[in-house]
Asks: 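Have a look at the structure that comes next, please.
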Amino acid sequence: MSTSTLTKFPHLRQDFAASLVVFLVALPLCVGVAVASGVPAELGLVTGIVGGIVTGLMRGSSLQVSGPAAGLTVLVFEAVREFGLPVLGVLVLATGLLQMLMGALKLGRWFRAISVAVVEGMLAGIGLVLIAGQLYSVADAEAPASGIAKITGLPGALVDAVQDTGALASLALGAGTIAVLVLWKRMPRQVRTVPGPLAAVGLATLVAVVLGLPVATVEVQGLLGSVQPPSLDAFGELADVGVLATIAAFTLIASAESLFSAAAVDRLHDGPRTAYDKELLAQGAGNTVCGALGALPMTAVIVRSAANVQAGARTKASRVLHGVWLLLFAALLPAVLAYIPIPALAGILVHAGAKLIPVREIVSLWREHRGEALILMVTAVSIVAVSMFEGVLIGLALAVAKTAWEASHIKLEVIDKGAGPVQAYLSGNATFLRLPKILDSLEALPQDRPIELNLSGLHHLDHACRTALENWAERHSAAGTDPVRLDGAAAAPEARR
């Protein structure tokens, strides 16, 4: 590179090197996600190209890399199966427009308010369904439709695979791919300069070609042949309630995953922080273009983003260049895809699905915050048992209920020395949700003794509770004892609001 070029772009050398690493990580993942989603492999590359060039050029998170993500694979597969491939473009286009609208309304920051337990539960549920579904591809078997059926049918599918020569070869190739991915981090540093996913797929392809294994490989249609913009008839499906629910699910999951990924990427580097509303606009623009091309939906992908940071990227140039390399590969070398074995791609997604299950976080939450751990697990199980959209709604409802319960937590401490007034101390949050409990406890106090009720420990006292306490004090005083003395209310004016 010339001196003048380096002067204008001082970080170009680092960004150029990082872009090659991200390209090598993204290539097998783009293809694998597309195949697992039930769409042509080239559409995964199209989404990766748009994520690099379109979203990569926009403001938001400078080092975050976008493309097709394992987290949306299950939902896309179900959508394509139910509505057909021509409608996928409409779904993604509408998702992109909604994301852009939310970004323009500055709603991006609100996604940070979503319970982490719900997001991790969502990813865990996706991971479980993804693993179960891709294990059928590893075993060269047809996967059942529902999440529960996928899991319960696995033992039988694996037993059948062992008894069939072709399925056994597929199973061995998929298992070998997973083994390479798991053991790659233990390889010498010089060897690990090649990204694990690329090494795993490359080795599996080499073994399949050299040994002539009877395994399924990727079908190649060509880049232009795969791109199919949605027709006017496809837009008529927007009248279907199921289509609208799927768009809502795409928007929620893609946005939440992208913005949570941005927060994680920010912790990996010391550069500029993410502008969440601008990042949501960028993701929306990318999904709008993907939808117009009939491609897969995109999200920010933590695996590619982490690889980008760790490879030394300094500016957005690295992610834009990675999109350029994907475009050149799709245009010049598409025939290479035909040699890639399907079980190898399935093995990559099984490994990716396992990373979506936060085992350590579940153990840690169970020790410290069991309510959060239960929300996480219920969300994950609901996604497996019912569906993605309903599972996330169940998780959000539980998170809101838990917050309401904790917000209404209140404690009444009574000190009775046997003589003199009975002292009662209220602390916590006095809301109408706990009003019956508060009144039951106060009405159980002696009727023939003076009472001092101290409210200084209250963080919040709503109007309903304050009115109820005043009415109780009047009733108690009417019994012929000294008036109830209320302390602390004047010292805590915020408690009266």
Side-chain angles (χ1 to χ4, degrees), residues 28-29 31-41 44 70-71 73-74 76-78 80-81 124-187 196-220 336-357 359 380-381 383-385:
L29 291 174
V31 176
V33 169
V35 172
S37 300
V39 305
T73 300
V74 176
V76 173
F77 181 84
E78 295 295 330
V80 171
R81 188 183 64 178
I126 292 169
L128 289 171
V129 178
L130 183 61
I131 291 170
Q134 292 307 300
L135 283 175
Y136 283 91
S137 295
V138 169
D140 194 24
E142 185 75 21
S146 70
I148 293 293
K150 283 184 175 74
I151 293 174
T152 57
L154 268 178
L158 295 176
V159 169
D160 293 341
V162 173
Q163 299 172 353
D164 181 90
T165 304
L168 186 59
S170 179
L171 185 62
L173 207 58
T177 302
I178 297 171
V180 170
L181 289 168
V182 172
L183 298 174
W184 197 249
K185 64 179 70 174
R186 301 181 182 178
M187 295 293 177
L198 182 68
V201 170
L203 289 172
T205 303
L206 183 63
V207 169
V209 171
V210 172
L211 299 182
L213 297 180
V215 296
T217 57
V218 174
E219 294 182 10
V220 177
V336 174
L337 299 177
Y339 294 97
I340 299 177
I342 296 294
L345 296 175
I348 284 182
L349 291 176
V350 168
H351 185 258
K355 287 186 173 182
L356 293 176
I357 303 174
V359 178
V381 171
I383 287 173
V384 174

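Numbers here are sequence positions counted from 1. Computed from a predicted model, the values in this text were never measured in an experiment.
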Asks: On a heavy-atom basis, which atom in Val138 and which in Gly347 lie closest, and how many Å separate them?
Replies: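 Closest pair (atom of Val138, atom of Gly347, distance): CG2-N, 4.1 Å.
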Asks: About how many Å separate CG of Leu173 and CD1 of Ile342, when rounded to the nearest 0.5 Å?
Replies: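 Separation between the atoms: 11.0 Å.
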Asks: Side chain of Ser170, backbone of Gly166: donor and acceptor closer than 3.5 Å?
Replies: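 Not a single qualifying donor-acceptor pair exists.
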Asks: State, to 0.1 Å, how close Leu349 and Gly32 come at their nearest heavy-atom pair, and which atoms those are.
Replies: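 Reported closest heavy-atom pair: CD1-O, 3.1 Å.
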Asks: Would you check if the side chain of Tyr136 reaches a backbone N or O of Ala157 as a donor-acceptor pair within less than 3.5 Å?
Replies: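 Not confirmed, Tyr136 side chain does not pair with Ala157 backbone.
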Asks: Quick one: list whatever passes side chain to side chain contact (heavy atoms under 4.5 Å, CB included) with Ala179, sequence neighbours left out.
Replies: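 So Ala179 forms no side chain to side chain contact (heavy atoms under 4.5 Å, CB included) with any residue.
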Asks: Show the numbers, then the answer: is there a side-chain contact (heavy atoms from CB on, under 4.5 Å) between Ile148 and Thr152?
Replies: CA-CA 6 Å; Ile148 293 293; Thr152 57; 4.2 Å; yes
Asks: Name all residues meeting the side chain to side chain contact (heavy atoms under 4.5 Å, CB included) criterion together with Leu128; count only those two or more places apart in sequence or in a different chain, and write none if there are none.
Replies: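 With neighbours one apart ignored, the set is Ile357, Val384.
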Asks: Out of curiosity, Gln163 CD to Asp160 CG, how far, rounded to the nearest 0.5 Å?
Replies: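 Going from the CD atom of Gln163 to the CG atom of Asp160 covers 6.0 Å.
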Asks: Could you state the interatomic distance from CG (Leu135) to CG (Leu158), rounded to the nearest 0.5 Å?
Replies: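 Output value for this atom pair is 6.5 Å.
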Asks: Which atom names give the shortest non-hydrogen contact between Leu345 and Pro28, and what distance separates them?
Replies: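 Closest pair (atom of Leu345, atom of Pro28, distance): CD2-O, 3.8 Å.
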Asks: Which heavy atom of Ile151 sits nearest to which heavy atom of Pro155, and what is that distance?
Replies: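 That closest heavy-atom pairing would be O-CD, 3.8 Å.
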Asks: Could you tell me the separation between the OG1 atom of Thr73 and the CD atom of Gln134, rounded to the nearest 0.5 Å?
Replies: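 Going from the OG1 atom of Thr73 to the CD atom of Gln134 covers 7.5 Å.
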Asks: Find the distance between OG (Ser137) and CG (Leu171) and round it off to the nearest 0.5 Å.
Replies: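 If I round to the nearest 0.5 Å, the distance is 12.0 Å.
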Asks: Between NZ of Lys150 and CD1 of Ile131, what distance do you get to the nearest 0.5 Å?
Replies: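 Rounded to the nearest 0.5 Å, the NZ-CD1 separation comes out at 13.0 Å.
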Asks: Output all residues satisfying side chain to side chain contact (heavy atoms under 4.5 Å, CB included) with Ala380, sequence neighbours left out; order by chain, then residue number.
Replies: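 Partners of Ala380 under the side chain to side chain contact (heavy atoms under 4.5 Å, CB included) test: Ala124.
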Asks: List the atom pairs, with distances to 0.1 Å, where a side-chain N or O of residues 197-218 and a protein N or O form a donor-acceptor pair under 3.5 Å, not counting sequence neighbours.
Replies:
from	atom 1	to	atom 2	distance (Å)
Thr205	OG1	Val201	O	2.8
Thr217	OG1	Ala338	O	3.2

Asks: For Leu356, what residues pass the side chain to side chain contact (heavy atoms under 4.5 Å, CB included) criterion, not counting sequence neighbours?
Replies: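 Side chain to side chain contact (heavy atoms under 4.5 Å, CB included) check on Leu356 returns Leu123, Ile126.
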